[in-house]
Amino acid sequence: MKTLIVGIGGMTNGGKTTLASSLQEQIPNSCIIAQDSYFKDDSEVPMDSNGFKQYDILEALHMQMMMRDVDSWRRDPESFLRQQGLETQLIEPSVDNQVFVLIVEGFLIFNYRPLDELFDKKYFMEIPYDACKRRRSLRVYTPPDPPGYFDGYVWPMYLKNRDEIESDTSEFVFLDGLKPKEELLAAVCKDLCQEIQRLREKN
């Protein structure tokens, strides 16, 4: 049995979740762990000096809990898929050259070093400021974004978090989130299928 851990990161509303979900549908023996599932309760999220809730920091997330789930998949991917009710994703169980794929998706996955060190493939979704702000304004959040939140907190934090991983970007495949989602899916799926085939053929 072989494994492949894929990271899909990048800015808010860049298309990470859409791409990850589409990849899971296309790739057998795959599952998703989404960082957004590990936010702390709103009462535990600190505020900055401007009164904005600091959701875009690692301290707002249960990262140790997320790592426990990643480690659970690493120990036994097949059992993990069954526990998640994803039996339909399984093909040819227990075959020696079987490749299990974990897709980890989130906006700060590359900023948490214990997780970042596990990725075999890294994809980073990018869109321009104007497109990001427009997409963000069309989404409904609970709690909702307060006035000025995007320009006063979200975008500056994206730039800060992006700067933190700048030294490691040679490992990334950058994706233009403005391209049609079908085009992005085809490109990433082709890349991953080639990697899966390479793992299958590897002794």
Side-chain angles (χ1 to χ4, degrees), residues 1-10 12 14-42 44-45 55 57-125 142 165 168 171-173 175 181 184-203:
M1 182 188 71
K2 301 175 176 68
T3 61
L4 180 67
I5 302 182
V6 180
I8 300 177
T12 178
K16 303 180 300 294
T17 303
T18 299
L19 177 59
S21 299
S22 298
L23 286 171
Q24 184 188 17
E25 292 174 2
Q26 295 284 329
I27 300 174
N29 298 332
S30 67
C31 67
I32 298 172
I33 290 180
Q35 194 172 41
D36 280 0
S37 302
Y38 298 89
F39 271 110
K40 294 179 179 178
D41 185 80
D42 187 57
E44 299 179 62
V45 178
Y55 291 105
I57 58 175
L58 289 168
E59 290 75 15
L61 296 150
H62 290 290
M63 290 306 300
Q64 291 184 335
M65 186 185 303
M66 185 178 184
M67 286 301 298
R68 284 199 296 270
D69 288 342
V70 171
D71 289 338
S72 176
W73 178 90
R74 293 173 67 206
R75 284 192 300 272
D76 191 340
E78 186 173 337
S79 292
F80 188 87
L81 261 69
R82 294 187 188 282
Q83 290 168 6
Q84 301 298 313
L86 296 172
E87 290 90 345
T88 55
Q89 287 291 110
L90 291 168
I91 61 166
E92 302 173 356
S94 302
V95 174
D96 287 342
N97 68 348
Q98 182 97 296
V99 179
F100 286 87
V101 180
L102 176 63
I103 303 165
V104 182
E105 174 262 309
F107 66 110
L108 286 178
I109 58 173
F110 302 130
N111 295 78
Y112 190 65
R113 187 159 296 279
L115 179 58
D116 180 60
E117 292 173 346
L118 300 178
F119 293 122
D120 301 299
K121 303 285 287 188
K122 299 181 182 182
Y123 299 94
F124 195 94
M125 303 285 294
T142 304
I165 61 170
D168 297 326
E171 304 173 6
F172 287 77
V173 176
L175 302 173
K181 58 184 179 181
L184 289 171
L185 173 61
V188 176
C189 201
K190 179 181 178 182
D191 190 31
L192 291 179
C193 286
Q194 289 174 343
E195 183 65 17
I196 290 168
Q197 186 59 34
R198 186 188 68 79
L199 288 171
R200 284 179 176 151
E201 295 171 353
K202 187 177 180 181
N203 292 329

Please verify the inter-ring angle class for Phe39 with Phe107; under 30° counts as parallel, over 60° as perpendicular, anything in between as tilted. parallel
Point-to-point distance, once rounded to the nearest 0.5 Å, from CG of Leu81 to CG of Asp76: 10.0 Å
From Leu175 atom CG to Leu184 atom CG, the distance as rounded to the nearest 0.5 Å: 6.0 Å
Determine whether a donor-acceptor pair (N or O, by modelled atom type, separation under 3.5 Å) exists between the side chain of Gln35 and the backbone of Leu108. yes
Any side-chain heavy-atom pair of Tyr112 and Met67 under 4.5 Å: yes
Please check: side-chain N/O of Asp120 versus main-chain N/O of Ile5, any donor-acceptor pairing under 3.5 Å? yes
From Leu61 CG over to Asp36 CG, what is the distance, rounded to the nearest 0.5 angstrom? 8.0 Å
Does Asp71 come within less than 4.0 Å of Arg74, counting only side-chain N to carboxylate O? yes
CD1 of Ile32 to CH2 of Trp73: how many Å apart, nearest 0.5 Å? 13.0 Å
Partners of Asp191 by salt bridge (charged side-chain N to carboxylate O under 4.0 Å, His left out), sequence neighbours excluded? Lys121
With sequence neighbours excluded, what pairs up with Asp69 under the salt bridge (charged side-chain N to carboxylate O under 4.0 Å, His left out) test? none
Any side-chain heavy-atom pair of Glu195 and Val99 under 4.5 Å: no
Take atom NZ in Lys40; do more than 12 heavy atoms of anything else shown fall under 6.0 Å from it? yes
Between Ser22 (side chain only) and Thr18 (backbone N and O only), is there a donor and an acceptor less than 3.5 Å apart? yes
Taking atom CG of Asp41 and atom NE2 of His62, what is their separation to the nearest 0.5 Å? 8.0 Å
For residues Tyr123 and Leu23, determine if any side-chain heavy atom of one lies less than 4.5 Å from a side-chain heavy atom of the other. no
Are Ile196 and Ile27 packed together at the side-chain level, in the sense that at least one heavy-atom pair is separated by less than 4.5 angstrom? yes
Flag yes if more than 12 heavy atoms outside Gln64 fall under 6.0 Å of its CD atom; otherwise flag no. no
Would you indicate whether the side-chain heavy atoms of Gln194 and Arg198 approach each other to under 4.5 Å? no
Atom pair CG (Leu58) and CG (Leu115), whose distance is rounded to the nearest 0.5 Å: 10.0 Å
Check for a donor-acceptor pair, side chain of Ser30 on one end and backbone N or O of Gln24 on the other, with a separation under 3.5 Å. yes
State, with a plain yes or no, whether a side-chain heavy atom of Asn111 is found less than 4.5 Å away from one of Ile165. yes
Please determine whether side chain to side chain contact (heavy atoms under 4.5 Å, CB included) holds for the pair Met63 and Tyr38, giving the CA-CA distance in whole Å, both sets of side-chain angles, and the decisive distance to 0.1 Å. CA-CA 7 Å; Met63 290 306 300; Tyr38 298 89; 5.8 Å; no
Answer yes or no: is there a side-chain heavy-atom contact under 4.5 Å between Val188 and Val6? no
Would you check if the distance from the ring center of Phe172 to the ring center of Phe110 is below 6.0 Å? yes
Mind listing the closest non-hydrogen atom pair of Lys202 and Lys2 along with its distance? O-CE, 3.3 Å
If you apply the rule side chain to side chain contact (heavy atoms under 4.5 Å, CB included), what do you find for Gln26 with Cys189, and how did you get there? CA-CA 8 Å; Gln26 295 284 329; Cys189 201; 3.9 Å; yes
Residues Leu102, Val70; criterion side chain to side chain contact (heavy atoms under 4.5 Å, CB included); working and verdict: CA-CA 8 Å; Leu102 176 63; Val70 171; 4.1 Å; yes
Can you find a pair of side-chain heavy atoms, one from Val101 and one from Asn29, that are under 4.5 Å apart? no
Determine whether Lys122 and Asp116 satisfy the following criterion, side chain to side chain contact (heavy atoms under 4.5 Å, CB included), listing intermediate values before the conclusion. CA-CA 9 Å; Lys122 299 181 182 182; Asp116 180 60; 2.8 Å; yes
